Amino acid sequence: MILADIHTHTNYFHGKNTVQEMYNAAVDSNLQYYGFSEHTPLPEGFSCLLYQEGDMNIAFENYVNDVLLLKEKTADYNKENLCQIPEVLLGMELDFTPQYPDYMDTLIKKYPFDYVIGTIHFVGEQNIGLWNAEDASLEEKYAFFEEYYDYMIKLAAYGKTDIIAHPDFVKIHCIDSFHAWLKTKRADECLHETCKAVKKSGMVLEVSTGGLKKACEEIHPSPKILEIAASYAIPISFASDTHNINTVAYKFEELAHFARQFGYKEHTVFINRQPIQLAF
Ligand SMILES: [Zn+2]
Ligand SMILES: [Zn+2]
């Protein structure tokens, strides 16, 4: 059984529910750990239409304060009661913007995070979520997939995050082309290079049901990618990437079954930036 859901959102950015409401749903899901990983404010010049408008710096500060208060409250409760409720972890989903390393460094140091998820939503100036894949030729798509994994190698080299989020996010708008690309020799080389870099970085690869809720309708990452990651013994973390109370620990039985096929028996959580392995 999966014991932790550590990539989750709240209504501070574009989720639907409050920190407390999300946590209540986690209590009902019998988890041991519940990690909040809200999106981060973006450097000047970047914008994401998906994120809440207004000053994201203020929203993020309020988010951190809410989670830290809840963390304290639940830790006190667990000390006083035999009945254990999920331990709260403070994380963030940090947009990887290699053009602005100082910006990322400052955010990482600013708060007492249990873990930091590095996420690639932007390749150069292109926001993947808004990429119009239908208008791209197959060659253009393949080139974009390669560029995306080049970014992942850069994220691994940056080395200051603990987890790599949804490690094939680039497939969300073009699953058929992505599957075709995965069969190519170039994709094979590219994924091996990426996994070598991730292994060297010591980061953990996220395995998430977030993709099942998107147009691609597939777990992140695709089977072939997890198979290659497993061959390098790269550890994994589990997540729902939920944005509302109805998808906390979403389809976690299916997720556990998926990961076991590649020999995985443990998943990672982080407390105070230190990894802990949990059997599932
Ligand atoms: Zn994301
Ligand atoms: Zn997310």
Side-chain angles (χ1 to χ4, degrees), residues 4-19 21-23 25-26 33-43 46-52 56 59-60 63-64 67 89-98 104 107-108 113-123 126-131 133 148-149 151-152 154-155 158 161-173 175 178 198 203-222 225 236-252 255 269-270:
D5 187 354
I6 60 170
H7 180 156
T8 73
H9 296 279
T10 71
N11 62 352
Y12 270 117
F13 279 51
H14 62 134
K16 296 276 178 286
N17 296 98
T18 63
V19 164
E21 286 165 350
M22 295 304 285
Y23 181 73
Y33 297 92
Y34 189 72
F36 290 90
S37 62
E38 194 52 282
H39 294 288
T40 50
L42 293 164
F46 280 82
S47 69
C48 180
L49 297 176
L50 298 173
Y51 297 176
Q52 189 171 297
M56 289 157 72
F60 196 76
Y63 152 76
V64 169
V67 174
L89 304 174
L90 175 67
M92 67 169 165
E93 182 176 9
L94 174 69
D95 271 296
F96 181 56
T97 49
M104 295 189 289
L107 262 175
I108 291 172
F113 293 110
D114 286 301
Y115 60 96
V116 176
I117 302 179
T119 196
I120 301 165
H121 292 140
F122 297 90
V123 172
Q126 180 64 56
N127 181 331
I128 297 170
L130 302 177
W131 178 43
Y148 171 82
Y149 284 102
Y151 253 61
M152 203 173 287
K154 287 196 182 101
L155 172 57
Y158 173 63
T161 71
D162 305 298
I163 298 169
I164 298 181
H166 38 58
D168 57 359
F169 191 68
V170 75
K171 75 184 175 185
I172 59 172
H173 297 307
I175 188 69
F178 189 74
V198 173
M203 282 185 206
V204 164
L205 213 61
E206 178 184 274
V207 181
S208 147
T209 49
L212 294 175
K213 295 176 268 160
K214 297 199 182 83
C216 60
E217 294 180 352
E218 190 181 71
I219 285 171
H220 292 297
S222 291
I225 300 170
I236 55 169
S237 62
F238 285 128
S240 65
D241 204 348
T242 181
H243 290 68
N244 65 66
I245 53 169
N246 300 317
T247 50
V248 168
Y250 182 66
K251 297 197 174 177
F252 266 18
L255 195 63
V269 297
F270 292 83

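Please read all numbers here as calculations on a predicted model, not as lab measurements. Every heavy atom of this structure was used, including side-chain atoms; hydrogens, water molecules and symmetry mates were not. First listed ligand is number 1; within each ligand, the first listed atom is number 1.
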Inset, instruction - Hey, can you tell me if His243 and His14 have their rings parallel, tilted or perpendicular (30° and 60° cut-offs)? - result: perpendicular

Inset, instruction - State, to the nearest 10 degrees, the angle whose vertex is the Zn ion (ligand 1) and whose arms point to NE2 of His121 and OE2 of Glu93. - result: 100°

Inset, instruction - State, without any angle test, whether Glu93 and His7 hold a side-chain donor-acceptor pair at a distance under 3.5 Å. - result: yes

Inset, instruction - Report the relative orientation of the aromatic rings in Phe13 and His39; use parallel for angles under 30°, tilted for 30 to 60°, perpendicular for over 60°. - result: tilted

Inset, instruction - Indicate the ring-plane relationship of Phe36 and Tyr34, choosing parallel, tilted or perpendicular according to the 30° and 60° boundaries. - result: perpendicular

Legend entry - Whether His9 has an N, O or S atom under 2.8 Å from the Zn ion (ligand 2): yes

Inset, instruction - If you have a sec, read the angle at the Zn ion (ligand 2) from His7 atom NE2 over to Asp241 atom OD1, to 10 degrees. - result: 80°

